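Values in this document were obtained by computation on a predicted structure and should not be read as measured data. Order of listing sets the numbers, starting from 1, for every ligand and every atom in it.
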Amino acid sequence: MFSAQGPTFGELCVQALSSVERGYDLLAPKFDHTPFRTPRGILDATAEALAGLGPFTDGLDVCCGTGAGMHTLRPVCDGRITGVDFSAGMLARAQDAHPDATWVRADARALPFVEGFDLAVSFGAFGHFLPRERPAVLAGIHRALRPGGLFALAVGAPAPLTSPAYWVEVGFDLVMRVRNAVWRPPFVMYYRTTPLRALRDDLAAAGFEVRVEPLSTLGAGRDGTPRCGLVLARKAGAR
Ligand SMILES: C[S@@+](CC[C@H](N)C(=O)[O-])C[C@H]1O[C@@H](n2cnc3c(N)ncnc32)[C@H](O)[C@@H]1O
């Protein structure tokens, strides 16, 4: 949740009326005090799951924000770790927090890397891509990986229809659709536009072999199914 050091309601409104890039530039100084930063538990559970799938040399965090994903990449990569994001404000914070990593400013829909990494991760950002934009993002990640490289994406279980979370997500997406219909520039952020089946289909179309593993350490919902899973997408070829 938001802490006292987090953004005020007014600041959040100004950010939400900006473009995604500008909105994050404005939010950057307070981003680490918001619930939008991926919690450490998810980062650590992902690192734990990846530890058995390495070794990895060079790692990339796509839409790195202020650098949360470095906590996942650092323990599993023994080479260079890199974050890419299009918000200069977020990258400046990331650079301050992790000066040993490499930071690249680029749009994830046109990633500038070619076979430079063995592992790519991304946290909390796919809601910023429209379904029609996802293929370009995934093609860029596929291109960025060396043969045999792995892309890992932590995903939450869909909220059940009867839960308050489901209706909060539906309500949020509805507000954003209205906002984007009447206001320019758009701020693309939707909770319910990246269902697992569509993501799997797009990953397969990009050339990945895909499987999903439960992140069991993050617990289970009332029905016993895991709260979070890890999508593991492997690029063909020998490592
Ligand atoms: C919710 S934040 C998540 C940041 C970080 N991954 C984390 O988990 O704390 C989403 C990030 O995605 C970045 N982003 C959104 N769309 C992007 C795009 N098209 N290209 C590059 N970065 C993008 C934003 O600038 C922001 O830093």
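- The stretch residues 79-90 participates, sequence neighbours left out, in no salt bridge (charged side-chain N to carboxylate O under 4.0 Å, His left out) pair at all.
- The existence of a salt bridge linking Arg146 and Glu115 is excluded, since no basic side-chain nitrogen approaches an acidic carboxylate oxygen closer than 4.0 Å.
- The 4.0 Å heavy-atom shell around ligand 1 contains residues Val20, Tyr24, Phe31, Phe36, Arg37, Thr38, Cys63, Cys64, Gly65, Ala68, Asp85, Phe86, Ser87, Met90, Ala106, Asp107, Ala108, Arg109, Phe123, Gly124, Ala125, His128, Phe129, ordered by chain and number.
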Taking distance alone, no hydrogens or angles, what donor-acceptor pairs closer than 3.5 Å link side-chain atoms of residues 61-75 to residues at least two apart or in another chain?
| from | atom 1 | to | atom 2 | distance (Å) |
| --- | --- | --- | --- | --- |
| Thr66 | OG1 | Asp32 | OD1 | 2.6 |
| Thr66 | OG1 | Arg37 | NH1 | 3.2 |
| His71 | ND1 | Arg40 | NH1 | 3.4 |
| Thr72 | OG1 | Leu43 | O | 2.9 |
| Arg74 | NE | Asp100 | OD2 | 3.3 |
| Arg74 | NH2 | Asp100 | OD1 | 3.0 |
| Arg74 | NH2 | Asp100 | OD2 | 2.8 |

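- Cluster annotation: Val121 is not connected to Phe113 through the hydrophobic network of ILVMFWY side chains, with a link wherever side-chain heavy atoms come within less than 4.5 Å.
- Linking ILVMFWY side-chain heavy atoms closer than 4.5 Å, directly or via other members, places Leu196 and Phe126 in a single hydrophobic cluster.
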Can I get a per-line list of side-chain donor-acceptor pairs under 3.5 Å for residues 199-210, giving both atom names and the distance, sequence neighbours left out?
| from | atom 1 | to | atom 2 | distance (Å) |
| --- | --- | --- | --- | --- |
| Arg200 | NH2 | Val210 | O | 3.3 |
| Asp202 | OD2 | Arg134 | NE | 2.8 |
| Asp202 | OD2 | Arg134 | NH2 | 3.1 |

